[in-house]
Protein chains: 2
Amino acid sequence: MTLTHAFPADESALDQAFDRLGTRITVARDEEVYAQDDEADRFYRVMSGVVRTSRLTADGRRQVGDFYYAGEVFGLEPGPDHRFAAEALTECEIQVVRRSAVRAFAGDVEVDRAILEATRVEMERLQEHVMLLGRKGARERVAGFLMGLAQRQPEDHVDLPMGRQDMADYLGLTIETVSRMLTQLQGEAIVAFPSTRRFHIRKWGALEALAA
Amino acid sequence: MTLTHAFPADESALDQAFDRLGTRITVARDEEVYAQDDEADRFYRVMSGVVRTSRLTADGRRQVGDFYYAGEVFGLEPGPDHRFAAEALTECEIQVVRRSAVRAFAGDVEVDRAILEATRVEMERLQEHVMLLGRKGARERVAGFLMGLAQRQPEDHVDLPMGRQDMADYLGLTIETVSRMLTQLQGEAIVAFPSTRRFHIRKWGALEALAA
DNA sequence: CGGTTAATTGAACGCATTCAACACGAGTGG
DNA sequence: CCACTCGTGTTGAATGCGTTCAATTAACCG
């Protein structure tokens, strides 16, 4: 899996800051990058692997915030501390910079612009997530999820780095329902699963219509 | 209703830009401030009244994004155009500034910071909204909604500027379910509704526990 | 190969929706 | 003042979608 498209040719000030000031860490599968309620004083960029953010409610229910692929920035959060934890879904290489270090670098203007831009990307995802959770049925949620992954990995066969539980917790459903919807979509020949962690879209139109 | 608390003593660069460059408009009840898919080239600040943002899916389902009260900024959206429309819930006075005008004013640094800050506030709301929609039942959603309103209007009696349909579309429920939950909460003496558009919290602890 | 975890499938249940009827409130006109 | 209407909100009964609980199958790894 290459995902070279995730690194745009023109690097933003934030990307440059990562390149120059970032310390590279590797995080093992299922290890935590930062915990819920940790201080949010760093930015992170995925170099390889996939990161998942999630939040646990007091009574143990889990909501996953999003999944971050190579080239994507995470850890941008509104408050002084993280409302969502971040964990490595697969073994990950991650670049980290302290926020204060980023500020000192390259003059504030460009950096602030870049941070704002990254924050906007994050916001767009959140808006999409709200639409998904608010007014869509299980079929549509699952279809939308698969579409989203396929757009990020425009290869013929898309792999699912996350398990069913993670999908379910992202979609606000249960593993059973997710599983049922997947077999249903497969039964209608809209998608095909050669293995549980790998799929292929056979009817883009149909999937798109569902994901709407 | 005063809501003076919504205007902090120390004005941000954005607030100052509004004060100096903003043109004031008044929008009648149910009139549109901007439409879905309009170009997003302005910032807005509510002076009086309440604004609602909402998005319509292709097949007519509606999701309400949020409600904005006096002192709050809206219209900050990630992309070049609005994914959510904005409408006046009540008659509103709104200050408007072009984004380009804001940039030209006061040097980029402070303005960018202020915009970033406002964007973060918006992001926080979106995160909260995702949590609400993803892993909460109808009771909890309604309770959480009432809590949110009560926190913004720390008076004894809180009024609901929006109708049941708006609440439902914000919460991802139907009007009937919202209504049932309200009567249920009232039956348990957690809240009291002297009229349909006005309520009072009788058991903060119980409501808080539900909203968690 | 077992042994273990993850994923699928089945059946019963429950919560929210749907569809329908009724109540309430505000505004209008007799 | 009452009668009438229209919009909005509430309540009831039946349906359905997703969940829950339980059992089976598939994938992974020693």
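Residue numbers begin at 1 in each chain, while the letters A, B, ... track the order of the sequences.
Rounded to an integer number of Å, the gap from CG of B:Leu182 to P of C:dC24 is 17 Å. A:Gln184 has its CD atom 19 Å from the P atom of C:dA7, to the nearest Å. Here the P atom of nucleotide D:dG9 and the CE atom of B:Met181 are 17 Å apart, to the nearest Å. Spacing between atom CD of A:Gln165 and atom C1' of D:dT19 amounts to 13 Å, rounded to whole angstrom units. For A:Leu160 and C:dT8, the CG to C1' distance is 15 Å, given to the nearest whole Å. Regarding B:Phe193, its CZ atom lies at a distance of 16 Å from the C1' atom of D:dT11, rounded to whole Å. Straight-line distance from the CD1 atom of B:Ile175 to the P atom of C:dT18: 10 Å, rounded to whole Å. In this entry the distance linking CD of A:Glu176 with P of C:dA7 reads 11 Å, nearest Å.
In this structure, B:Glu93 does not pair ionically with B:Arg45, as no charged nitrogen and carboxylate oxygen lie closer than 4.0 Å. With salt bridges taken as basic N to acidic carboxylate O contacts below 4.0 Å, none links A:Glu77 and B:Arg120.
Residue B:Arg197 is classed as a sugar-phosphate contact, given heavy-atom separations below 4.0 Å to backbone atoms only. Backbone-only engagement by A:Thr196 is indicated by non-hydrogen atom pairs under 4.0 Å involving sugar-phosphate atoms exclusively. At the heavy-atom level, A:Leu173 lies under 4.0 Å from the strands shown only through sugar-phosphate atoms.
Under 4.0 angstrom from either OP1 or OP2 of C:dA16 there lies no side-chain N or O belonging to B:Thr174. Between A:Ser179 and C:dA7 there is no side-chain polar atom (N or O) within less than 4.0 angstrom of OP1 or OP2.
No close placement of the A:Phe18 and A:Phe43 rings is indicated, their centers lying 6.0 Å or farther apart. Side-chain rings of B:His129 and B:Tyr170 approach one another, their centers coming within less than 6.0 Å.
Along DNA chain C, the nucleotide closest to A:Thr183 and the one closest to A:Arg135 are compared, and the more 5′ of them pairs with A:Thr183. DNA chain D is contacted by both B:Gly163 and A:Arg139; B:Gly163 maps to the nucleotide lying nearer its 5′ end (nearest heavy atom per residue).
Counting distance only, with no hydrogens placed and no angle test, the side-chain atoms of B:Arg164 and the base atoms of D:dT11 include no donor-acceptor pair under 3.5 Å. Judged by distance alone with a 3.5 Å cut-off, a donor-acceptor contact links the side chain of A:Arg180 to the base of C:dG10.
Relative ring orientation between B:Tyr44 and B:His82 is described as tilted, the plane-to-plane angle lying within the 30° to 60° band.
When distances are taken from the side chain of B:Thr177 to each of D:dT10, C:dT17, D:dT19, the shortest belongs to C:dT17.
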